Amino acid sequence: MSEAGLPEIARWVAAAGPLDITVLTGAGISTESGIPDFRGPRGLWTTDPSSQRLFDYDAYVNDPQVRRAAWQLRRVHPAWTAEPNAGHRAVAALEESGRLRAVITQNIDGLHQRAGNCPEHVLEIHGSLHAVECLRCARRAPTADVLARLEAGEEDPNCAACGGTLKVATISFGQALRSDVLDAAIDAATGCALFLALGTSLTVQPAASLVALAARSGARLVIMNAEPTPYDDLADAVVRGPIGEGLPQIVPSPPAGRDPGRDRWRPSRQSAG
Ligand code: NAD
């Protein structure tokens with residue numbers, strides 16, 4: 001389905017009941033905030049395939065050169081200055097409307113929370129750039145603390161408590177997902193009536209398989225992505241345009257005069273996370 005399907009998708013969204021909608025997002029929802037994706041035409045790996053090694057867990061653990069390069073990449077990550085865009089704000093508006101069960105995100109940039117989604121409803125299945133953890137003692141700290149050490153000249157900072165290897169709290173290739181977060185994502189995928197997959201190539205597992213899980217569990221499936229995905233045939237609607245243009249058109253506007261900070265019209269709910 002093309003742009004012509006947006007009014008119909010908007011009707012599906014409007015007809016959804018409380019907590020009926022689960023959203024899965026990928027790097028494509030943040031490109032309009034200036035954060036490149038991996039596999040799109042201007043993606044990090046499309047333009048520099050050798051950078052993939054910096055996201056490999058074994059390489060990171062065993063090769064100090066990889067760690068030094070990875071920290072330099074983190075130091076200048078565009079997420080530190082990026083602002084949420086119209087797509088993130090539309091996902092936050094879905095939560096404001098009471099229809100959102102959870103946002104499952106593959107992104108590590110924290111922009112859904114910045115746009116107004118409650119942190120406990122954002123399932124960061126690939127972790128977060130905003131925290132670091134020690135691979136030996138599991139102590140966590142804000143990434144900002146380590147960035148300050150990098151600015152002061154350290155190249156491969158170690159854990160201040162035990163001297164172990166530090167890594168941003170993101171899931172690298174070869175690293176296990178957190179089972180509690182994955183379980184919550186599976187619940188959100190199987191328990192929804194409408195599943196929106198936004199800005200993801202749907203090539204990273206197990207995240208991509210949540211789409212099939214939702215469809216098999218009876219959810220209506222909408223895929224919004226600039227390029228084809230392996231799951232397009234399964235979808236009830238496929239939208240190709242930019243998310244920042246398409247998504248706001250399918251999310252109902254909040255009631256006029258409502259103060260989003262105080263006058264919440266979300267029903268009470270249990271945490272999805
Ligand atoms: P991906 O790079 O594999 O795919 C992104 C998809 O989004 C591409 O198919 C691209 O065509 C599409 N796209 C880009 N901009 C778009 C737009 N404005 N509108 C519609 N579609 C658009 O990304 P993925 O599927 O999320 O998987 C890759 C991994 O990359 C994830 O594990 C994620 O953790 C990581 N990642 C995250 C960020 C971030 O946090 N912002 C950035 C880069 C990579």
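This is a predicted model, so every value here is computed, not measured. In each ligand, atom 1 is the first atom listed, and ligand 1 is the first ligand listed.
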Ligand 1-proximal atoms of Asp109, by part, heavy-atom distance under 4.0 Å
both

Quick one: which of Pro242, Gly28, Ala27 has a heavy atom closest to atom 13 (N) of ligand 1?
Gly28

Looking at Arg53 and Asp63, is any side-chain nitrogen of the basic one under 4.0 Å from a carboxylate oxygen of the acidic one?
yes

Within reach of ligand 1, part of Ser30 (heavy-atom separation under 4.0 Å)
side chain

Of the choices Asn225, Leu44, Ile29, which has the non-hydrogen atom that lies closest to atom 9 (O) of ligand 1?
Asn225

Close side-chain approach of Met224 and Leu6, heavy atoms under 4.5 Å:
yes

May I ask you to list the atoms of ligand 1 that are less than 4.0 angstrom from any heavy atom of Thr31?
14 (C), 15 (N), 16 (C), 17 (C), 18 (N)

Among all protein heavy atoms, pick out the one at the shortest distance from atom 25 (O) of ligand 1; state its residue, atom name and that distance to 0.1 Å.
Thr200 OG1, 2.8 Å

Measure the shortest side-chain to side-chain distance between Val211 and Phe195 over non-hydrogen atoms and say whether it is less than 4.5 angstrom.
yes

Is there a donor-acceptor contact under 3.5 Å linking the side chains of Asp37 and Thr31?
no

What's the shortest distance from atom 14 (C) of ligand 1 to any protein heavy atom, and which residue and atom give it?
Asp37 OD2, 3.2 Å

To check your reading of the model: name the closest protein heavy atom to atom 34 (O) of ligand 1, its residue, and the distance in Å.
Gln106 O, 2.3 Å

Give the atoms of ligand 1, by number and element, whose distance to some non-hydrogen atom of Glu227 is under 4.0 Å.
8 (C), 9 (O), 10 (C), 11 (O)

Is there a side-chain hydrogen bond (donor to acceptor under 3.5 Å, both in side chains) between Ser30 and Asp109 once you walk through the steps?
CA-CA 8 Å; Ser30 293; Asp109 54 34; 2.7 Å; yes

In the protein, which heavy atom is nearest to atom 37 (C) of ligand 1, and how far is it?
Asn107 OD1, 3.7 Å

Would Pro36 count as a polar contact of ligand 1, with the cut-off being nitrogen or oxygen pairs under 3.5 Å?
no

Do NZ/NE/NH1/NH2 and the carboxylate oxygens of Arg75 and Glu151 come within less than 4.0 Å?
yes

Looking at Glu83 and Arg114, does any basic side-chain N land under 4.0 Å from a carboxylate oxygen?
yes

For ligand 1, is there an N or O atom under 3.5 Å from any N or O atom of Pro41?
no

Below 3.5 angstrom, do we get any N/O pair linking Gly26 and ligand 1?
no

So for Ile35 against ligand 1, with non-hydrogen atoms under 4.0 Å, the contacting part is side chain

Just to check, does Gly199 reach to within less than 4.0 Å of ligand 1 when the distance is taken from its heavy atoms?
yes

Where at least one partner belongs to residues 152-165, residue pairs that pass side chain to side chain donor-acceptor pair (under 3.5 Å), sequence neighbours excluded
Arg67-Asp156, Arg149-Glu154

Please state which protein non-hydrogen atom is closest to atom 28 (C) of ligand 1 and give its distance, to 0.1 Å?
Arg39 NH1, 3.2 Å

Check each of Leu202, Ile29, Thr105 against Leu24 using the side chain to side chain contact (heavy atoms under 4.5 Å, CB included) test, and report the only one that passes.
Leu202

With heavy atoms under 4.0 Å as the rule, classify the contact between Val204 and ligand 1 as side chain, backbone, both or neither.
side chain

Presence of salt bridge, Asp232 and Arg240, under 4.0 angstrom
yes

the protein heavy atom lying closest to atom 35 (C) of ligand 1 turns out to be Phe38 CE1, 3.6 Å

Distance-only N or O hit between ligand 1 and Ser201, under 3.5 Å
yes

Qualifying side chain to side chain donor-acceptor pair (under 3.5 Å) pairs with a residue from residues 210-222, counting only residues at least two apart or across chains:
none

Of the protein's non-hydrogen atoms, which lies at the shortest distance from atom 40 (O) of ligand 1, and what is that distance?
Ile108 N, 2.8 Å

Can you find an N or O of Ala226 that's nearer than 3.5 Å to an N or O of ligand 1?
yes

Test log, rule ring-ring contact (aromatic ring centres under 6.0 Å, His included), inputs Phe55 and Tyr60:
CA-CA 7 Å; Phe55 299 85; Tyr60 186 90; over 10 Å; no

Looking only at side-chain N and O atoms, does Gln106 offer a donor or acceptor that is under 3.5 Å from a partner on Thr200?
yes

Quick one: look up the protein heavy atom nearest atom 32 (O) of ligand 1 and list residue, atom name and how far away it is.
His126 ND1, 2.6 Å

